[in-house]
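Notes for the one structure printed next.
Computed from a prediction, not measured in an experiment: that's the story for all the values here. Each chain gets a letter, A, B and so on, in the order its sequence line appears, and its residues count up from 1.
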Amino acid sequence: MNISTSFNPWFLILVGSFVAGACAYVGSLMVLKRMSLVGDALSHVALPGMAIAISIGISPILGAFTALTIVIIGIWYLEETSDTYPEALVGIFFTASLALGLLLTKESDLLEALFGSLDKLDFAEGLITIAISVAAIMIATFLYNKVIISIIAPELAKVSRINVKLVNLAYLLLVGTIVSLGVRFVGTLLMGALVIVPAVSARNVTKTITGYLWFSAIFGVVSAAAGIFAAAKMSLPVGAMVVLTSMVIYVLSYLYHHLRK
Amino acid sequence: MPDSILTVSDLTVVKGKRAILEKISFEIKAGETLAIIGPNGAGKTTLFRAILGLIPFSGKVVWKKGIKIGYVPQKLFIDADFPLTTREFLRLKDKETLKIKDALEAVGIPMDKNLLNNRLSDLSGGELQRVLIAWSLLGDPQVLLFDEPTAGVDVVGEGTIYSMLEKLRVKKNLTILLISHELDILRKYVTQVLCLNKEMVCFGLPKDMDKNVMNKLFGEEVRYYEHQHKF
């Protein structure tokens with residue numbers, strides 16, 4: 001939970017910034033889709049995957065990713081074929097996953113899964129994490145046109161020959177990917193903050209979509225960098241400090257928004 | 001004889017066990033303007049969705065080969081502070097500034113106007129409608145489909161939008177299909193009328209759609225100018 005003194009905090013700040021930037025960038029579209037809490041709920045799905053990964057000694061990121069991918073495909077399939085409201089579906093999967101996760105996770109590992117375990121990140125894992133974060137931002141940039149049209153005018157999207165179902169699946173899988181990276185940092189309980197808070201702050205300071213996407217990413221990066229730095233200096237839990245930093249940015253953006261009016 | 005743009009025969013759409021549209025047949029030729037009118041719940045939007053291929057149907061819908069269709073939806077799903085400017089919205093469809101300029105000029109919006117830098121959610125009903133039309137023009141369509149072009153626009157604005165559509169039709173050689181509930185305002189612009197309600201369907205020239213037909217269609221005395229728009 002706390003950063004061990006043996007690890008280079010600058011490397012953690014670098015990796016953390018990439019992850020938080022990617023989470024915020026991809027998550028900003030989630031907020032526009034009015035699915036903010038889906039991102040949060042999905043992080044709980046990561047728990048059983050992480051538990052299994054830890055118990056068989058592989059990277060928890062891989063475990064989280066596998067669990068998320070399975071559940072996302074399940075949710076997507078049910079959303080397309082049944083009449084149940086997507087949020088309710090996410091609710092079903094997320095509580096079931098959390099229950100399963102609690103059964104599978106050893107008590108000693110539970111805190112780590114719930115609140116993150118940044119200090120256990122090794123160098124190779126860090127580099128892979130950075131690479132995946134960059135790829136996630138690139139894929140989101142490629143998709144965002146289509147995602148936005150399908151949010152504001154679903155029929156227009158279909159008439160423009162956008163495969164809305166496929167775009168939704170691709171986007172959800174992207175969310176799954178960034179959530180698996182993020183849970184390693186802040187844990188499943190605080191993951192929602194990385195996806196939601198920077199986007200909501202960005203919305204306070206800009207009225208363009210380009211500004212919104214980039215401010216989201218920048219706020220994510222600043223939250224991670226400042227949060228991890230403060231956590232290292234004061235020997236405090238990383239996840240909590242990152243989330244609280246993003247809250248400070250949110251309050252500042254709120255004040256800016258209201259003072260400017 | 002101008003080409004047939006769209007031929008619909010025996011179009012039936014069933015939802016659950018209820019037929020929303022039953023055996024609808026009509027034909028539109030190049031350069032025509034068709035108004036689809038009828039009370040709420042008559043299946044007007046369903047008809048649009050079916051001919052656009054967005055929902056399953058039985059019967060035949062045949063578009064002229066290779067035709068480009070522009071669709072203008074009734075509304076957008078945007079919250080009050082959705083971060084998307086008019087310029088960005090149009091650029092989602094086409095990044096070429098010159099084409100955007102042309103499309104905006106066609107709907108009477110000068111390129112230098114602040115409107116382009118305003119959020120889409122800050123536009124008035126009439127402005128948004130024009131921007132949506134400009135969006136559909138960016139794809140160089142030969143046919144335009146409008147779902148209630150004047151929903152959310154005041155009575156003065158309604159007339160302006162219809163006369164603008166007429167100018168566009170002539171200038172860009174368009175065929176127009178539109179859904180409306182106000183035949184009287186658009187009577188002078190349309191060449192064909194398709195009326196729909198649960199019991200009856202009629203297809204004909206605007207002059208045939210007299211008061212009797214309208215009363216039968218809407219089930220009451222129709223008062224075009226007296227209803228109030230609430231915002």
Start with the C-alpha distance between A:Leu156 and B:Lys93, add both sets of side-chain angles, then the distance that settles side-chain contact (heavy atoms from CB on, under 4.5 Å), and finish with yes or no.
CA-CA 11 Å; A:Leu156 208 58; B:Lys93 176 107 174 191; over 6 Å; no
Please lay out, stage by stage, how B:Phe48 and A:Val159 fare under the test side-chain contact (heavy atoms from CB on, under 4.5 Å).
CA-CA 11 Å; B:Phe48 257 26; A:Val159 175; over 6 Å; no
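From A:Ile152, atom CD1 reaches atom CG of B:Leu120 across 6.0 Å, with rounding to the nearest 0.5 Å. Residue B:Asp79 holds its CG atom at 5.0 Å from CZ of A:Arg203, rounded to the nearest 0.5 Å. Separation of atoms CG (B:Leu76) and CD (A:Glu155) is listed at 12.0 Å; rounding is to 0.5 Å. A:Arg34 CZ to B:Phe82 CZ: the interatomic distance, rounded to the nearest 0.5 Å, is 10.0 Å.
In B:Lys172, the NZ atom is crowded: over 12 heavy atoms of neighbouring residues, nucleotides or ligands sit closer than 6.0 Å. Within 6.0 Å of CD on B:Glu105 lie more than 12 heavy atoms contributed by other residues, nucleotides or ligands. Environment of NZ in B:Lys101: sparse, with no more than 12 heavy atoms of neighbouring residues, nucleotides or ligands closer than 6.0 Å.
Residue with the most contacts toward chain A among B:Leu54, B:Thr85, B:Ile78: B:Leu54 (heavy-atom pairs, distance under 4.5 Å).
In this structure, chain A has no heavy atom under 4.5 Å from any part of B:Asp122. Contacts between B:Arg87 and chain A at a heavy-atom distance below 4.5 Å are absent for every atom of the residue. In this structure, the portions of B:Leu92 lying under 4.5 Å from any heavy atom of chain A include both its backbone and its side chain.
Closest approach of A:Thr206 and B:Arg119 over heavy atoms only: O-NH1, 4.3 Å.
Under the 4.5 Å side-chain criterion, counting only non-hydrogen atoms from C-beta, A:Ile209 is not in contact with B:Phe89. Looking at B:Asn118 and A:Lys207, their side chains come closer than 4.5 Å, going by heavy atoms from C-beta outward. Contact annotation: the side chain of A:Ser160 never approaches that of B:Tyr71 to less than 4.5 Å [non-hydrogen atoms, C-beta and beyond]. Using a 4.5 Å heavy-atom cutoff, the side chains of B:Leu84 and A:Thr208 are not in contact.
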